[in-house]
Each structure stands twice: as C-alpha cells, then as structure tokens.
Amino acid sequence: MNPAFDMDALRAVVAGIELRSFARAAVELGRSQSAISMQLKKLEQQAGTQLFVRKGRGLVPTEAGEALAAYARRIVALNDEAARALGAAMSSETVRLGLPQDFFDDVMPATLSTFAGDHPGVHVEVRAGPNHTLGDEIRAGRLDGAIVFFPQGAGGGGELLCELPMQWLAHKAFVDLTVQDRVPLVMFDHPCLFRQATLATLDRADRRWRVSVTTPSLPGIWGALRSKLGIAVRTGHGVPDDIVCAGDDLALPKLPAIELRMLRSQNATPAAHALCEALHRETIDRVAPH
C-alpha cells in the first residue's frame, strides 16, 4: 500500500525549508520542536529513505528531501485551495516575493498595495537578496516570483523586463575631490554583478583601484558614499537626492548596462500568479525606461 503522507507533516517540511530552520517552523506552526521531529521521522519511515541530514545545529534536506518538498508545496497549496473553495476555516495562504534592495522604496510597496486590493486575506512574505540567492530560491520553490539583475547579453531564465545603464555614483561633495592613484570603491559583498562589472571595467581601462568599504546592504552603500569614502556602481533607480552620477567629473570609463529579469516559480498557486503579475506591472511602470 502506498503511504498516505500526513498533511501537517508536509506543511512542516515546507515551513522548515522555507524558513531554513525547523525550530522557527515549529514556532510558526504552533507546534513543539519534538512534535516536528516526530513528523519528520514518520515521513522518512513512510518514504523509506533519509530526507534530512544534520548540518551544524540544523537540518538540511537531502536530494530526496528536496524532491519531497517540491511535491509537498503543491499538495499543501492544492489542499488549501480546496479548503478555501469549500469555505473551510483555515490559516491564510502565504505567497513569497523576492527583489533587490534597489526597489524597496517604490516597486515593493506598489506591488503589495495592488495585490492586497484583490487578495486581502493572503499573507505576503518579502525577501531581499543578491541575485544568485534569489535565483536559487525560485528554482527551489522557496519564492513564487522575483525580479533579478543579469549581465547584459548573458541570456538566462525568466523574462527580460528592461536594460538599465550602470552609473558611477558618489556624494555631491566627493565629486569636487581629486581621485588619487587608486579609485576608492564602495561595494557589495562578493558575489555581486555590479562588483564584477566595476572591476572588469576599471581593469580594461588600466585604472588602478582599491576597495574602501564592503557592505551587504544598500543603505550601507549610501552611508559610505555620504561619508565620502569612495565611489559606488548601481543603476540610477532609487538613488538618493544627495548622491550624483560622477563618471564624467572623475573621468571614469563607461560602464555596461545590466538586465532586469522576472523569474517565476513553475508551481505557482493562483494567488502567487497574481502576485507575479502585480510585480511585473509595477516594475515595468516604475523602472523600465519609457
């Protein structure tokens, strides 16, 4: 007889992988950690294979665990959709959105506002992250939709939304200073497409450089520029008023453009599909050159 996987156990698997912690999943689901552990053990017995291995203080899915998680998301989503259709009382559906920090001030709130108008009972989880992380989250099914930067002309998945020119950016007071010997750079942590493009452009122009500040956040970039610690490279979207394009003033080489693409989960629920459509529209309206 084929095993009948327990719905609560499948929900625990989905929550644990998406939150990257089964301890946090236990809190979100209102269960004890021991109860979650027992559910995972029962699933492994039913599946006849190891689904999770311990890594550090937590658990990570094996290849079989990732496969089960993919089915679990679809089963849980279909179960919840059926419950809603029949008017059954249940917790709200969660849909997940990912985007770079550059779009948190306009695209994100506009998307949430548009989506919430038609889906008032759906919980939206928003994640920021570097491009490779957001792409991995989409492929693993941990995000329903994302907008992601890609190198110009590199191809790749998803739908091309637009191309945006990269710019050398500095604080207004910095452009009056003379860049000595090495160009001081304010950069995101590695890996970062803007970082790669910056260094490749300077190397091709035979310009020497040094990294003055490294930060994991966009506010950290703006703070370092305001402290006149160097020059950063981003698009011109969402740049604060006191930060200016400084390439011509500082005789810096021309930078390439960067692509902005839309990625979607292959197993999106109707609500997740609506969220992706809202993200697509707001990105085109607010970011794409007109």
Asks: Same hydrophobic cluster for I284 and L164, using side-chain heavy-atom links shorter than 4.5 Å among ILVMFWY?
Replies: yes

Asks: Report yes or no: do H237 and D106 form a side-chain donor-acceptor pair below 3.5 Å?
Replies: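 Yes - a donor-acceptor pair under 3.5 Å links their side chains.
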
Asks: Kindly give the heavy-atom pair with the smallest separation between R127 and R142, and that separation in Å.
Replies: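 It is NH1-O, 3.6 Å.
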
Asks: Establish whether F150 and I138 are linked, either directly or via other cluster members, by ILVMFWY side-chain heavy-atom contacts under 4.5 Å.
Replies: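 Same hydrophobic cluster.
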
Asks: For E18, check salt bridge (Lys or Arg N to Asp or Glu O under 4.0 Å) against everything at least two apart and list the hits.
Replies: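 R73, R96.
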
Asks: Considering non-hydrogen atoms only, spot the tightest contact between I17 and G65 and give its length.
Replies: CD1-O, 4.5 Å

Asks: Using only atom types and a distance under 3.5 Å, with no angle test, would you say the side chain of S227 pairs donor to acceptor with the backbone of L229?
Replies: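 Judged by distance alone, no pair lies under 3.5 Å.
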
Asks: Mind checking ring-ring contact (aromatic ring centres under 6.0 Å, His included) for F5 and listing every partner two or more places apart, or none if nothing turns up?
Replies: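 None.
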
Asks: Do V287 and M108 belong to the same hydrophobic cluster, where Ile, Leu, Val, Met, Phe, Trp and Tyr are linked whenever their side-chain heavy atoms lie under 4.5 Å apart, directly or via other members?
Replies: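 Linked within one cluster.
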
Asks: So if you build clusters from Ile, Leu, Val, Met, Phe, Trp, Tyr with side-chain heavy-atom gaps below 4.5 Å, do V13 and M7 land together?
Replies: yes

Asks: Mind checking whether F103 and F149 have parallel, tilted or perpendicular rings, split at 30° and 60°?
Replies: tilted

Asks: Taking all heavy atoms of A170 and all of A246, pick out the closest pair and write down the distance.
Replies: CB-CB, 3.9 Å

Asks: Regarding R139 and E66, does a basic nitrogen lie under 4.0 Å from an acidic carboxylate oxygen?
Replies: no

Asks: Which heavy-atom pair separates V186 from A224 by the least distance, and what is that distance?
Replies: CG1-CB, 3.6 Å

Asks: Side chains of E44 and Q50: donor-acceptor distance under 3.5 Å anywhere?
Replies: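 No donor-acceptor contact under 3.5 Å links the two side chains.
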
Asks: Begin from the C-alpha positions of E282 and T114 and carry the test side-chain hydrogen bond (donor to acceptor under 3.5 Å, both in side chains) through to its verdict.
Replies: CA-CA 9 Å; E282 297 299 337; T114 298; 3.0 Å; yes

Asks: Is the cationic atom of R195 (NZ for Lys, CZ for Arg) positioned less than 6.0 Å from the six-membered ring centroid of F188 and within 45 degrees of its normal?
Replies: no

Asks: Give a yes or no on whether the backbone of F22 and the side-chain of Q33 come within a donor-acceptor separation of less than 3.5 Å.
Replies: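 Such a contact is absent between Q33 side chain and F22 backbone.
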
Asks: How about Q39 and D6: do any of their side-chain heavy atoms sit closer than 4.5 Å?
Replies: yes

Asks: If you count the non-hydrogen atoms of other residues, nucleotides and ligands that lie under 6.0 Å from CG in D105, is the total more than 12?
Replies: no

Asks: What's the shortest heavy-atom distance between M166 and A197, and which atoms?
Replies: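 Distance-wise, the nearest heavy atoms are CE-CB, 3.6 Å.
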
Asks: Only pairs at least two apart or in different chains count here, so list each salt bridge (Lys or Arg N to Asp or Glu O under 4.0 Å) that has a residue in residues 241-253.
Replies: R226-D242

Asks: Please confirm whether the backbone N or O of L255 pairs with a side-chain atom of T201, one donor and one acceptor, at under 3.5 Å?
Replies: no

Asks: What's the shortest heavy-atom distance between A288 and L161, and which atoms?
Replies: CB-O, 4.4 Å

